[in-house]
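All remarks here apply to the structure that follows.
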4 protein chains.
Amino acid sequence: MPSQPTTSTLPGEPEPSRRRRKEARPQELLDAALDLFVEKGFAATKIDDVAARAGVSKGTVYLYFPSKEELLKAVIRHNLSLTIAQGDGIVAQFDGPTADLIRLVANTWWERVGETQASGIFKLIITEVRNFPDLARFYAEEVIEPGERLIVRLLQRGVDRGEFRPTNLYDTAHSLIFPMLMLCLHKHSIGACSAAEAIAKNPSGFIANHIDLMLHGLSVPRAG
Amino acid sequence: MPSQPTTSTLPGEPEPSRRRRKEARPQELLDAALDLFVEKGFAATKIDDVAARAGVSKGTVYLYFPSKEELLKAVIRHNLSLTIAQGDGIVAQFDGPTADLIRLVANTWWERVGETQASGIFKLIITEVRNFPDLARFYAEEVIEPGERLIVRLLQRGVDRGEFRPTNLYDTAHSLIFPMLMLCLHKHSIGACSAAEAIAKNPSGFIANHIDLMLHGLSVPRAG
Amino acid sequence: MPSQPTTSTLPGEPEPSRRRRKEARPQELLDAALDLFVEKGFAATKIDDVAARAGVSKGTVYLYFPSKEELLKAVIRHNLSLTIAQGDGIVAQFDGPTADLIRLVANTWWERVGETQASGIFKLIITEVRNFPDLARFYAEEVIEPGERLIVRLLQRGVDRGEFRPTNLYDTAHSLIFPMLMLCLHKHSIGACSAAEAIAKNPSGFIANHIDLMLHGLSVPRAG
Amino acid sequence: MPSQPTTSTLPGEPEPSRRRRKEARPQELLDAALDLFVEKGFAATKIDDVAARAGVSKGTVYLYFPSKEELLKAVIRHNLSLTIAQGDGIVAQFDGPTADLIRLVANTWWERVGETQASGIFKLIITEVRNFPDLARFYAEEVIEPGERLIVRLLQRGVDRGEFRPTNLYDTAHSLIFPMLMLCLHKHSIGACSAAEAIAKNPSGFIANHIDLMLHGLSVPRAG
DNA sequence: AATGAATGAGTGTTCATTCAT
DNA sequence: GATGAATGAACACTCATTCAT
């Protein structure tokens, strides 16, 4: 279930040169490892399987990563660096109503994270932080804090412009983002088993409903 | 970190009779196993550690559960049976405004699940369904479906009584419940590492804010 | 080539009880490990082979020794403690000519060390000190220093009593002991391959000749 | 720790021509391999390290030696051919007292073997013969037998000339040579770890004392 | 019932060897 | 010739499971 084919040459394609392979390897291995760590968990994933999915032999994994644990950390680091500061740019230059901005940010995030392989990183974090506690600091600094700051800034903008009523912005930020994260977790757990689930079938519909609900919940009561 | 003491006798307590201990064994083992499966994951948990935490020797675990996998299933079954049909009673006999009913159900759930050891079950499910896919059917039937039905019924009650505007009730149910589940997940992952997190410090405040936001979001727009 | 049978029960013998086995295990494993480490070297010895020679399975080795390296250290520690202070007693209470005392000590040492499995320890030390340098301090303190002191005291006794001419006693001590150590090394290297070697056939003869030569070498020149 | 520089060019030295380097390769590899085999043992030495010490890449080793085992044999063969028949020339043309001849041979040997990298070969032999038993025959024929013959001839010369009393010449030869060999072994084992050892500090003094002791031991008792 | 010694299949990691460049 | 990426067999070590006590 990798989102990009990472296995060795398909028939018909020219065999990539040794040098080109070497440059592509780490990425291929990280993709394979993300897939498997997310699917099975760190402990239940065999290095042999990571290697096989990347189309190489077991020893090759150790040419690029000194241990299974370092591979895990590299997977997380690599996929987090994709995530951070994704939204900051959008927010800075947007000019219209905050409701539209929030919808834009949510949809962009869903396209770039939720629908890609990277969505698995959240399950991986939740699964493995307790076993590798230094991941916690890493994740808090790289994702949670910038992410919270971004959303709080968004909400503050709405309040400042008289669009939103005041609430506890940190709590509200979590009410906004948590269902989106659950969507990612769901996709890589129950959603991967029983396809017969409404939410798995139409995540965009769910997101639209969720954002509407939240925006309505934040709307300023009519003076009366 | 078990919420109930599961280890052997503390000095000062009266030694429980041998019979008491024997009858309590399976429960103690299930508690110990839940703790460890949640903390470390199934694959990274050693039977030895489960036994040690329950205050027995390794062999004893096998007197009660035929294999590690069956122990996992028993843990899940046992903790799910606590969960299911918890709220049905409350709903049936409640008479006031749906907003109050929802607050009551949410707070009751948080007390009985979120604040207890049982809150870990959601992390366990998310972590392990893909490795033990028959858990999926089990969980869907025992938790997801009754849970969704309960919340949808709640929301429908609000709509029927003219308290809530109409929305996609399944999506809205998920918007309502997902942040509560994330609270449980958080508590057993990041929240267990860096205590310096707003959300971890005041979950009840977060729940109150979340429910308010949702109820406001569901409120019927003023005619006019 | 173990000097005592260490493998599991011979047919006809009563099966030793589980408890008795547990007490005997470490010794059996140390004997097996000494044999193999001496024969093949540390790196080339497989834990599987140690286990097989001791008549147990691989996992059992790890019940008693936490790693291969600790097993090595235990082997050395165990075999050195046999060695230290072996001669001190003899020397203290001897009364006759120093020449006789030296012959007695040499023969006793040969019987108790040279002819037993423990003779392999010297090869093991020489082979492995550079890879495990903290063995060096250990060996220097436990064997070299007490050993040198013993022999120097012996020689000094001879000089004091006018039996030996004065020489550099440390150098002479080494001239005395080194050929005995070479005999041990030889036995576990070349001597184990080509049996057709004079020295391997008659070590006691060699020792007698060597001691005679040394004693004659130490004898006081006739006043002339 | 090689006694001759075997690594690639030092800054300031003229860069050897490519041809020079190529012709020197096998010698450089043999030197590097001897160092490492002696230091760590055959099994614990990595081809990668041999290559690195010789300043080439791993693949290059296989251009010159078909396998690690053949490299070992080449190292031994090469260092033995240095050793054999070193002394025969000296003995043939010497004319004075046998005592002087023995001192000359011993000192020459120590200069040419004991003080050079080649002294490690004895440790290597003792360490590895049991794993590669055909080395035994090789070593016996090339070193032990010629060496013994040489020393026995020396001793016989002394007896024939009335300088030495008769003894078992084979045993005496071993008494003479074993301490010298132990000096080599010591240098590459304990001596390489704890420098604070009398013997390691003044090997020539030890040799002088040892030969004196032996010669005195062999001296003809005064008639009387 | 309870124990914990023993097992051996399974997995992370290493490293001699190969071979395309 | 020289390189170093890739391989995969081999080995240290772990741990679920069994069973004699």
Side-chain angles (χ1 to χ4, degrees), chain A residues 8 15-23 25 43-51 55-71, chain B residues 18-19 21-23 25 42-52 55-71, chain C residues 8 15-23 25 43-51 55-71, chain D residues 18-19 21-22 25 42-51 55-71:
Chain A
S8 56
E15 175 81 45
S17 81
R18 199 105 155 200
R19 179 160 302 279
R20 291 197 65 79
R21 296 306 303 275
K22 174 166 166 50
E23 281 159 11
R25 281 280 190 261
T45 295
K46 287 171 262 178
I47 289 283
D48 254 332
D49 293 343
V50 174
V56 299
S57 75
K58 185 167 38 168
T60 300
V61 177
Y62 285 89
L63 291 177
Y64 295 94
F65 303 96
S67 72
K68 194 183 176 189
E69 194 170 325
E70 285 304 317
L71 176 59
Chain B
R18 188 173 293 262
R19 172 156 302 280
R21 294 302 309 277
K22 184 158 51 168
E23 282 161 7
R25 276 290 145 68
F42 175 76
T45 295
K46 290 171 246 178
I47 289 282
D48 249 333
D49 293 343
V50 174
V56 298
S57 76
K58 185 164 41 170
T60 302
V61 177
Y62 285 88
L63 293 177
Y64 295 95
F65 304 96
S67 74
K68 194 185 176 188
E69 195 171 325
E70 285 306 316
L71 175 58
Chain C
S8 56
E15 176 81 44
S17 81
R18 199 102 155 201
R19 178 159 303 281
R20 290 197 66 79
R21 297 305 304 277
K22 175 166 166 51
E23 281 160 11
R25 282 278 191 262
T45 296
K46 287 171 263 179
I47 289 284
D48 255 331
D49 293 344
V50 175
V56 298
S57 75
K58 181 168 42 170
T60 300
V61 178
Y62 286 90
L63 291 177
Y64 296 94
F65 302 96
S67 71
K68 194 183 175 189
E69 194 171 325
E70 285 304 315
L71 176 58
Chain D
R18 188 173 293 262
R19 174 155 300 282
R21 295 300 310 278
K22 184 155 52 167
R25 275 289 146 69
F42 176 75
T45 295
K46 291 170 245 176
I47 289 283
D48 249 334
D49 293 344
V50 174
V56 299
S57 77
K58 185 164 41 168
T60 301
V61 177
Y62 285 87
L63 293 176
Y64 294 97
F65 304 96
S67 74
K68 194 184 177 189
E69 195 171 325
E70 285 306 315
L71 175 59

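Sequence lines set the chain letters: A, B, ... in the order given, protein chains first and strands last, and positions in each chain run from 1. All values below were derived from every heavy atom in this structure, side-chain atoms included, with hydrogens, water molecules and symmetry-related copies excluded.
At whole-Å resolution of the value, CG in Asp49(D) and P in dC15(E) are 8 Å apart. One atom, CG of Asp48(C), and another, C1' of dA9(E), lie 12 Å apart when rounded to the nearest Å. Atoms CD (Glu70(A)) and P (dT13(E)) sit 10 Å apart, rounded to a whole Å. Atom CZ of Arg25(C) is separated from atom C1' of dA6(E) by 8 Å (rounded to the nearest Å). Rounded to whole angstrom, the span from the CD atom of Glu69(A) across to the C1' atom of dT11(E) amounts to 16 Å. Remark: C1' of dT13(E) and OH of Tyr64(A) are 17 Å apart, rounded to the nearest angstrom.
Base pairing of dC15(E): its partner is dG8(F), meeting the Watson-Crick or G-U wobble criterion (both donor-acceptor distances under 3.5 Å). Base pairing analysis places dT21(F) opposite dA2(E); the two distances defining the Watson-Crick or G-U wobble pair are each below 3.5 Å.
In this model, the phosphate group of dC15(E) is not approached by any side-chain N or O of Tyr62(A) to a distance below 4.0 Å at OP1 or OP2. At dT3(E), one or more side-chain N or O atoms of Thr60(B) fall inside 4.0 Å of OP1 or OP2 (strictly under the cut-off).
Nearer to the 5' terminus of DNA chain F, by closest-nucleotide assignment, is the contact made by Gly59(A) (compared with the other of Gly59(A) and Lys46(B)). For the pair Lys58(D) and Lys68(B), nearest-nucleotide mapping onto DNA chain F gives the more 5' position to Lys58(D).
Proximity of Val56(D) to Leu63(D): side-chain heavy atoms (C-beta onward) are nowhere separated by under 4.5 Å.
Distance from the side chain of Ser67(D) is smallest for dT17(E) among the nucleotides dA2(F), dT17(E), dT17(F). Closest to the side chain of Ile47(A), from the set dT3(E), dG12(E), dT7(F), is dG12(E). Listed nucleotides dA6(F), dA2(F), dA12(F) differ in distance to Leu63(D); the shortest reach to its side chain belongs to dA2(F).
Across Glu70(A) and Pro66(A), no two heavy atoms sit closer than the pair CG-CG, 3.7 Å. Between Lys68(D) and Thr45(D) the shortest heavy-atom distance is NZ-O, 2.8 Å.
Val61(C) comes within contact range of no nucleotide atom at all, as no heavy-atom separation falls under 4.0 Å.
Here the NZ atom belonging to Lys58(D) is positioned 4.0 Å from the CG atom belonging to Asp48(D), to the nearest 0.5 angstrom.
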